[in-house]
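To keep things clear, I will list the structure first and then write my remarks on it.
FYI, the numbering just counts along the sequence from 1.
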Amino acid sequence: MSQQHKKWIDLVKQRLNEKGWSQSDLATVIGVTPAAINRLLKEGHGSDDLKLEVTKKLSISDSWTVFEER
């Protein structure tokens with residue numbers, strides 16, 4: 001898993017905490033299984049569409065691809 005992806009995952013976890021959401025809550029909002037969210041956050045596996053939906057639902061302004069440039 002790349003460094004920028006790890007930073008994005010940290011930001012996702014931070015936003016979940018701020019909203020008081022569990023990974024299951026996020027999965028429900030996006031319309032995927034909790035296992036898909038778990039796999040995305042633990043192993044980095046997930047489609048770009050899934051990552052984009054997570055980014056949108058959690059109002060993350062930076063894309064996971066931007067972190068590489070920082």
Rounded to the nearest 0.5 Å, what separates atom CD in Q14 from atom CD in E18? 4.5 Å

Test side-chain hydrogen bond (donor to acceptor under 3.5 Å, both in side chains) applied to S22 - qualifying residues, sequence neighbours left out: D25

Table please: side-chain donor-acceptor pairs of residues 29-46 below 3.5 Å, with sequence neighbours left out.
unit_1 : atom_1 : unit_2 : atom_2 : d
T33    : OG1    : A36    : N      : 3.1
R39    : NE     : E43    : OE1    : 3.3

Looking at residues at least two apart in the chain, or sitting in another chain, which of them share a side-chain hydrogen bond (donor to acceptor under 3.5 Å, both in side chains) with D10? none

From CH2 (W8) to CD1 (I60), nearest 0.5 Å: 6.0 Å

Exercise: identify the closest heavy-atom pair between K19 and K57: CE-O, 3.9 Å

Hey, mind stepping through K13 and N17 against side chain to side chain contact (heavy atoms under 4.5 Å, CB included) and telling me if it holds? CA-CA 6 Å; K13 289 178 180 179; N17 188 43; over 6 Å; no

State, with a plain yes or no, whether a side-chain heavy atom of W21 is found less than 4.5 Å away from one of R15. no

